[in-house]
Protein chains: 2
Amino acid sequence: MRWEDLDQEPCSLARTLSVVGDRWTLIILRDCFLGVRRFDQFEARLGITRHVLADRLKKLVAADVLEKRPYRERPIRHEYRLTAKGKDLYPVILSLVHWGDQYMAGPEGPPLRHRHRRCGQLTQGVLICAECGEPLTPQEVSVEESAKWRAAQSATGDRSG
Amino acid sequence: MRWEDLDQEPCSLARTLSVVGDRWTLIILRDCFLGVRRFDQFEARLGITRHVLADRLKKLVAADVLEKRPYRERPIRHEYRLTAKGKDLYPVILSLVHWGDQYMAGPEGPPLRHRHRRCGQLTQGVLICAECGEPLTPQEVSVEESAKWRAAQSATGDRSG
DNA sequence: CAGGTGGGTTCTAAAAAGGAACGTAATCAC
DNA sequence: GTGATTACGTTCCTTTTTAGAACCCACCTG
């Protein structure tokens with residue numbers, strides 16, 4: 001399967017990965033959440049080639065995850081900012097960071113800590129059920145094919161997930 | 001920066017992506033959570049080449065995210081199962097799926113729904129603060145460099161995130 | 001005018017992925 | 001007991017991506 005076909009898959013995970021599923025995109029977005037906005041700042045922080053950076057920024061703008069807005073005319077200069085859609089990737093990033101803190105940190109522990117300003121504590125994210133508030137575990141979640149989907153697809157033999 | 005160097009970065013996100021940060025790995029893990037365990041099942045469901053599948057499974061086993069265990073001798077056959085470390089990636093996958101459900105679904109809506117068996121409802125995951133229980137938003141979370149880290153790194157000019 | 005900055009694009013070489021065929025050990029169908 | 005099938009890879013070759021460095025252009029500074 002080609003990269004460009006991923007967003008046609010009947011699977012929300014595959015479609016999401018068609019936007020953020022490569023080595024660099026999520027690291028760029030991490031920096032966006034840390035306040036980085038300009039091409040040369042990304043380049044200096046990221047150890048990424050300019051070529052790939054320009055390509056990823058273009059794709060993120062096309063996907064409406066970032067927006068490119070001018071911050072100066074003459075010469076025209078742009079900055080990249082998270083859209084609402086982009087900001088909604090925050091739980092994804094925090095989940096990844098949390099897992100890395102647990103399993104990939106060296107003996108010095110994780111390099112960064114997250115403080116929840118609302119309550120003042122150092123925090124970790126926990127994923128809970130929006131309905132009952134209990135933590136979600138794989139054992140307790142079952143997956144059902146949507147009825148609309150079944151109807152729309154009928155007998156096409158689609159693999160879905 | 002090369003792929004293999006990512007796990008040395010002083011950033012838990014980068015280190016996590018050194019394990020799961022490519023086009024296929026998370027899709028393979030999705031299938032693991034759906035109960036898929038054997039090479040040919042992955043192959044049939046995934047539209048992935050055998051070459052890449054074998055490589056990713058090997059890397060996931062090396063990273064202790066999956067374990068390879070025999071389910072039959074003569075001829076010896078193995079299956080791949082999530083370890084505890086692998087199961088802890090569940091919030092990552094669910095966050096990605098949730099975002100895809102919101103932003104990447106077509107007019108028919110998302111293909112799969114998730115039912116929380118504990119409470120019986122169709123559910124979405126919400127990321128909350130482990131300390132106070134409120135949802136975590138990027139505006140309300142600030143990032144601090146760990147004191148241990150600062151000490152250990154002293155003045156090396158590391159870019160961290 | 002020389003040099004620097006911001007934001008790219010173009011070039012070539014290396015790495016990764018796609019696609020198909022091949023290998024192998026056992027088992028099944030006839 | 002020959003031939004096909006299953007399970008699980010590996011090999012070979014082609015196409016796509018990435019890395020790495022150089023180049024370009026508009027403007028600004030001195």
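In what follows, chains carry the letters A, B, and so on, assigned in the order in which the sequence lines appear, proteins first and then strands, with residues in each chain numbered from 1.
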Trainee: Has A:Thr83 got a side-chain atom pairing as donor or acceptor with A:Val65's backbone, closer than 3.5 angstrom?
Mentor: yes
Trainee: Taking the side chain from B:Thr16 and the backbone from A:Gly100, do they hold a donor-acceptor pair closer than 3.5 Å?
Mentor: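 Judged by distance alone, yes, a pair lies under 3.5 Å.
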Trainee: Give me, pair by pair, the N or O atoms of the protein and of nucleotides 26-30 of chain D that are less than 3.5 Å apart, along with how far apart they are.
Mentor:
from, atom 1, to, atom 2, distance (Å)
D:dC28, OP1, A:Arg74, O, 3.1

Trainee: Would you kindly give the CG-to-C1' distance between B:Leu46 and C:dA17, to the nearest whole Å?
Mentor: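 Going from B:Leu46 (CG) to C:dA17 (C1'), I get 14 Å.
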Trainee: Among pairs that include at least one residue of residues 25-44 of chain B, which meet ring pair (Phe, Tyr, Trp, His ring centres under 6.0 Å), considering only residues two or more places apart or in two chains?
Mentor: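 For residues 25-44 of chain B, and leaving out neighbouring residues, the ring pair (Phe, Tyr, Trp, His ring centres under 6.0 Å) pairs sorted by first residue read B:Phe33-B:Tyr90.
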Trainee: Rounded to whole Å, how long is the line connecting atom CH2 of B:Trp24 with atom C1' of C:dA17?
Mentor: 10 Å
Trainee: Let me know the distance between CD1 of A:Ile48 and C1' of D:dA21, rounded to the nearest Å.
Mentor: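 Distance, rounded to whole Å: 16 Å.
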Trainee: Between B:Leu29 and B:Leu60, is any pair of side-chain heavy atoms under 4.5 Å apart?
Mentor: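 Yes. Closest side-chain heavy atoms under 4.5 Å.
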Trainee: Rounded to whole Å, please give me the gap between CZ in A:Arg37 and P in C:dG6.
Mentor: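 Taking atom P of C:dG6 as the reference, CZ of A:Arg37 is at 16 Å.
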Trainee: Do we see a donor-acceptor contact under 3.5 Å between the side chains of A:Tyr80 and A:Arg38?
Mentor: no
Trainee: Counting any heavy atom closer than 4.0 Å, what does A:Phe42 reach on the DNA or RNA strands: base, sugar-phosphate only, or nothing?
Mentor: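 Result for A:Phe42 = nothing.
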Trainee: Can you list the residues that meet the ring pair (Phe, Tyr, Trp, His ring centres under 6.0 Å) rule with B:Tyr103, with sequence neighbours excluded?
Mentor: B:Trp99
Trainee: Whole angstroms only, please: what is the CZ-P distance between A:Arg23 and C:dA16?
Mentor: 7 Å
Trainee: Which atom names give the shortest non-hydrogen contact between B:Glu43 and B:Ile48, and what distance separates them?
Mentor: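 That would be CG-O, 4.3 Å.
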Trainee: Nearest whole Å is fine: how far is D:dT5 C1' from B:Asp40 CG?
Mentor: 12 Å
Trainee: Can you check the A:Leu53 CG to D:dG20 C1' distance for me, whole Å?
Mentor: 14 Å
Trainee: When you compare the protein's N or O atoms with those of nucleotides 9-14 of chain D, which come within less than 3.5 Å of each other, and at what distance?
Mentor:
from, atom 1, to, atom 2, distance (Å)
D:dG9, OP1, B:Lys68, NZ, 3.4
D:dG9, OP2, B:Tyr80, OH, 2.8
D:dG9, N7, B:Arg50, NE, 2.8
D:dG9, N7, B:Arg50, NH2, 2.5
D:dG9, O6, B:Arg50, NE, 3.1

Trainee: Under 4.5 Å between side-chain heavy atoms, chaining through other members, with only Ile, Leu, Val, Met, Phe, Trp and Tyr counted: pull out the rest of the cluster around B:Ile128, sorted by chain and number.
Mentor: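 ILVMFWY cluster around B:Ile128 also holds A:Val126, A:Ile128, B:Val126.
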Trainee: Taking OH from B:Tyr71 and P from D:dA7, how many angstroms apart are they, rounded to a whole number?
Mentor: 6 Å
Trainee: Test of understanding: with side-chain hydrogen bond (donor to acceptor under 3.5 Å, both in side chains), list the residues that count as partners of B:Arg69, not counting sequence neighbours.
Mentor: B:Glu67
Trainee: Compare the minimum distances between each of D:dA7, C:dG6, C:dG18 and the side chain of B:Arg38, then state the nucleotide with the smallest one.
Mentor: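 Per side-chain heavy atoms of B:Arg38, the pick is D:dA7.
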